[in-house]
Amino acid sequence: LPKAMAIADQVVKLLGAIPGVEKIAPAGSLRRRAESIGDIDIVVACTAGAAVMDAFCSMAMVGDVLARGETKSSIRTTEGMQVDLRVVPPEHFGAAMLYFTGSKAHNVRMRALALKQGMTLNEYGLMTLAEKADVELPEDPGLAGHAVPRAARRSRAVVAADGEELPSATEEQVFQQLGLVYIPPLLREDRGEIALAQSGGLPRLVELADIRGDLHSHTNNSDGRNTIEEMAAGAIERGYAYLNISDHSRSQGIITGIDSVDYPKQVERVRAAAKVIEAANPGFRLLCGVEVNVLPDGTLDLPDELLAEMDVVVASVHSNFRQARDEMTARICAAARHPHIDIIGHPTGKKVEARDPYEVDLDQVMQAALEGHTALEINASPSRLDLND
């Protein structure tokens with residue numbers, strides 16, 4: 001995801017400066033912030049298609065030109081990522097963004113909803129139908145479901161002749177015509193979002209401005225890149241109210257952590273830094289913590305008396321990922337019930353496109369977390385996304 005975002009940003013910046021380009025934006029799974037990205041889709045609204053295609057196919061990042069046309073071109077970057085470019089008239093940009101953002105299941109339901117209301121929706125725009133369609137909407141799986149809907153069914157052929165073109169320059173216009181409030185791209189996975197958009201019940205998404213602090217951070221005393229003071233300065237610059245320094249302890253799976261005999265010195269370092277930093281920044285708190293390793297038998301690699309001194313303790317599995325499901329579950333549940341553990345870090349251990357989650361019964365882990373008054377981490381690192389949505 002970070003690599004795809006960086007490439008998309010470069011393409012948007014380069015092509016957006018071409019005269020005649022009115023709008024340009026990434027679409028597809030990248031815009032939906034999917035866990036893994038296949039191809040990068042870019043949609044351009046412009047009146048200078050030839051110039052845009054020339055610039056796109058001659059970018060420095062281009063390794064191969066896979067296809068080139070008047071409205072669509074595809075390239076493969078020197079790093080192996082495919083980028084598809086679509087050029088559309090400005091008056092159809094909203095419909096095109098809807099279509100190429102997806103997901104496929106979301107699009108199926110949107111098209112069926114349009115047909116039921118006497119309209120047809122595709123990447124070329126929104127139009128009224130000469131004859132209203134008798135459409136059965138796909139079964140709504142509900143917000144928590146993951147089922148792919150059945151294709152929309154029509155009881156008779158839809159006649160599009162003499163249809164009136166409706167405004168579709170923006171996505172907001174299309175949603176409004178269909179009687180929906182705007183659905184953020186991150187929710188367009190057909191998990192009940194369209195029904196919620198009809199009733200006004202869409203959830204408000206967490207945004208960067210909502211983030212008040214970070215309880216899991218590392219410094220160069222373990223495997224981080226910055227000092228305690230630099231980490232605190234970065235948090236203050238972002239307007240955070242608190243930051244927990246949770247450097248790794250050292251045991252199985254973590255060779256860059258801090259030994260148990262040396263961790264009291266780490267506590268002294270953080271406490272000393274906090275005294276100075278908090279005095280200079282009233283209202284900000286620099287917390288002292290640790291990311292302690294959960295060993296295969298469910299014990300921890302730091303003694304209880306040291307953990308008791310910490311403000312926030314994160315406990316994570318960093319070794320023996322192939323334990324049997326019942327053993328891994330018992331291991332994590334023991335940590336979740338531990339009186340000095342505040343958070344279970346990256347609860348399934350997965351890394352996006354790099355490591356599968358280990359076998360664990362999350363229902364049991366959640367029950368243990370409730371009993372131990374322990375939080376389960378939502379690790380927003382693009383390589384983790386664990387727990388996922």
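Index from 1, following the sequence.
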Exercise. Atom OG in S222, atom CD in E291: separation rounded to 0.5 Å?
Worked result: 8.5 Å
Exercise. Do the non-hydrogen side-chain atoms of F175 and L98 ever get within less than 4.5 Å of each other?
Worked result: yes
Exercise. Counting distance only, does the side-chain N/O of Q173 pair as donor-acceptor with the main-chain N or O of A169 below 3.5 Å?
Worked result: yes
Exercise. Does the pair S383 and V352 meet the rule for a side chain to side chain contact (heavy atoms under 4.5 Å, CB included), with working shown?
Worked result: CA-CA 5 Å; S383 66; V352 177; 5.7 Å; no
For this session: For residues R331 and P296, determine if any side-chain heavy atom of one lies less than 4.5 Å from a side-chain heavy atom of the other.
Result: yes
For this session: Would you please say whether a donor-acceptor pair under 3.5 Å links the side chains of N220 and T227?
Result: no
Problem set entry | Hphob cluster co-occupancy, M366 + V314, side-chain heavy atoms under 4.5 angstrom | no
Exercise. Hey, does the side chain of D311 reach the backbone of C288 with a donor-acceptor pair shorter than 3.5 angstrom?
Worked result: yes
For this session: Under the side chain to side chain contact (heavy atoms under 4.5 Å, CB included) rule, what do D9 and V12 come out as? Steps first, then yes or no, please.
Result: CA-CA 5 Å; D9 287 346; V12 168; 5.7 Å; no
Exercise. Does the D301 side chain pair with the main chain of N293, one donor and one acceptor, at a distance under 3.5 Å?
Worked result: yes
For this session: Measure from the side-chain N and O atoms of E172 to the backbone N and O of Y182, and report whether any donor-acceptor pair falls under 3.5 Å.
Result: no
Exercise. Of the non-hydrogen atoms in A95 and N122, which two are nearest, and what is the gap between them?
Worked result: CB-O, 3.6 Å
For this session: Carefully, step by step, assess K265 and D259 under the rule salt bridge (charged side-chain N to carboxylate O under 4.0 Å, His left out).
Result: CA-CA 10 Å; K265 297 178 182 177; D259 285 323; over 6 Å; no
For this session: Would you check if H106 and E189 make a side-chain contact, meaning some heavy-atom pair closer than 4.5 Å?
Result: no
Exercise. Hey, what do you get for CG (D190) to CZ (R109), rounding to the nearest 0.5 Å?
Worked result: 4.0 Å
For this session: Measure from the side-chain N and O atoms of D247 to the backbone N and O of T219, and report whether any donor-acceptor pair falls under 3.5 Å.
Result: yes
Exercise. Which distance, rounded to the nearest 0.5 Å, do you find between the CD of Q364 and the CG of D326?
Worked result: 9.0 Å
For this session: Using side chain to side chain contact (heavy atoms under 4.5 Å, CB included) as the criterion, point out the one residue from V87, I42, V52 that pairs with I24.
Result: I42
For this session: Verify the cluster assignment for I343 and V360: are they in a single hydrophobic cluster under the rule of side-chain heavy atoms below 4.5 Å apart?
Result: no
Exercise. Heavy atoms, side chains only, cut-off 4.5 Å: are V88 and E123 in contact?
Worked result: no
Exercise. Passes side chain to side chain contact (heavy atoms under 4.5 Å, CB included), V83 versus M59? Steps please.
Worked result: CA-CA 12 Å; V83 184; M59 296 183 299; 5.9 Å; no
Exercise. Heavy atoms, side chains only, cut-off 4.5 Å: are P357 and D386 in contact?
Worked result: no
Exercise. According to the interplanar angle, ranging from 0 to 90°, do the rings of H218 and H216 count as parallel (below 30°), tilted (30 to 60°) or perpendicular (above 60°)?
Worked result: perpendicular
For this session: For the pair R191 and D389, evaluate salt bridge (charged side-chain N to carboxylate O under 4.0 Å, His left out) and give the outcome as yes or no after the intermediate values.
Result: CA-CA 12 Å; R191 297 180 184 173; D389 66 322; 2.8 Å; yes
Seminar exercise, completed: For S74 and K72 the tightest heavy-atom approach is OG-CE, 4.0 Å
For this session: Could you state whether M97 and F100 fall into the same hydrophobic cluster, counting links through intermediate Ile, Leu, Val, Met, Phe, Trp or Tyr residues with side-chain heavy atoms under 4.5 angstrom apart?
Result: yes
Exercise. Linking I/L/V/M/F/W/Y whenever any side-chain heavy atoms sit under 4.5 Å apart, do V317 and V313 land together?
Worked result: yes
Exercise. Between D41 and G28, what is the shortest heavy-atom contact and its length?
Worked result: OD2-CA, 3.7 Å
Exercise. Which of parallel (below 30°), tilted (30 to 60°) and perpendicular (above 60°) describes H248 and H318?
Worked result: perpendicular
Problem set entry | Check: Y263 and M310 side chains under 4.5 Å, non-hydrogen atoms | yes
Exercise. A273 and I228: which non-hydrogen atoms are nearest, and at how many Å?
Worked result: CB-CG2, 3.8 Å
Exercise. Any sub-3.5 Å donor-acceptor pair from R337's side-chain atoms to E371's backbone N or O?
Worked result: no
Problem set entry | Check: T329/D361 side-chain N/O donor and acceptor closer than 3.5 Å | no
Exercise. Should E171 and R31 count as an ion pair when the cut-off is N to O under 4.0 Å?
Worked result: yes
For this session: Answer yes or no: is there a donor N or O on one side and an acceptor on the other, between the side chain of R212 and the main chain of Y242, under 3.5 Å?
Result: no
Problem set entry | From CE (M61) to CE (M81), nearest 0.5 Å | 11.0 Å
Problem set entry | T101 and V43: CA distance, side-chain angles, deciding distance, side chain to side chain contact (heavy atoms under 4.5 Å, CB included) verdict | CA-CA 10 Å; T101 295; V43 180; over 6 Å; no
Seminar exercise, completed: Scanning both residues in full, the closest heavy-atom pair of M53 with S73 reads SD-OG, 3.1 Å
Exercise. L126 and L180: same hydrophobic cluster, using ILVMFWY side-chain contacts below 4.5 Å?
Worked result: yes
Exercise. Are there more than 12 heavy atoms of other residues, nucleotides or ligands under 6.0 Å from atom CD of E230?
Worked result: yes
Exercise. How about I40 and T77: do any of their side-chain heavy atoms sit closer than 4.5 Å?
Worked result: no
Exercise. Taking the side chain from T47 and the backbone from V21, do they hold a donor-acceptor pair closer than 3.5 Å?
Worked result: no
Exercise. Ignoring hydrogens and geometry, is there a side-chain-to-backbone donor-acceptor pair from R238 to G234 under 3.5 Å?
Worked result: yes
Seminar exercise, completed: Heavy atoms of E165 and H92 approach each other most closely as OE2-NE2, 3.2 Å
For this session: Would you indicate whether the side-chain heavy atoms of Q266 and I245 approach each other to under 4.5 Å?
Result: yes
Exercise. Is the backbone of I183 close enough, under 3.5 Å, to the side chain of R188 for a donor and an acceptor to pair up by distance?
Worked result: yes
Exercise. Is it true that E35 and K350 make a salt bridge, defined as a side-chain N closer than 4.0 Å to a carboxylate O?
Worked result: yes
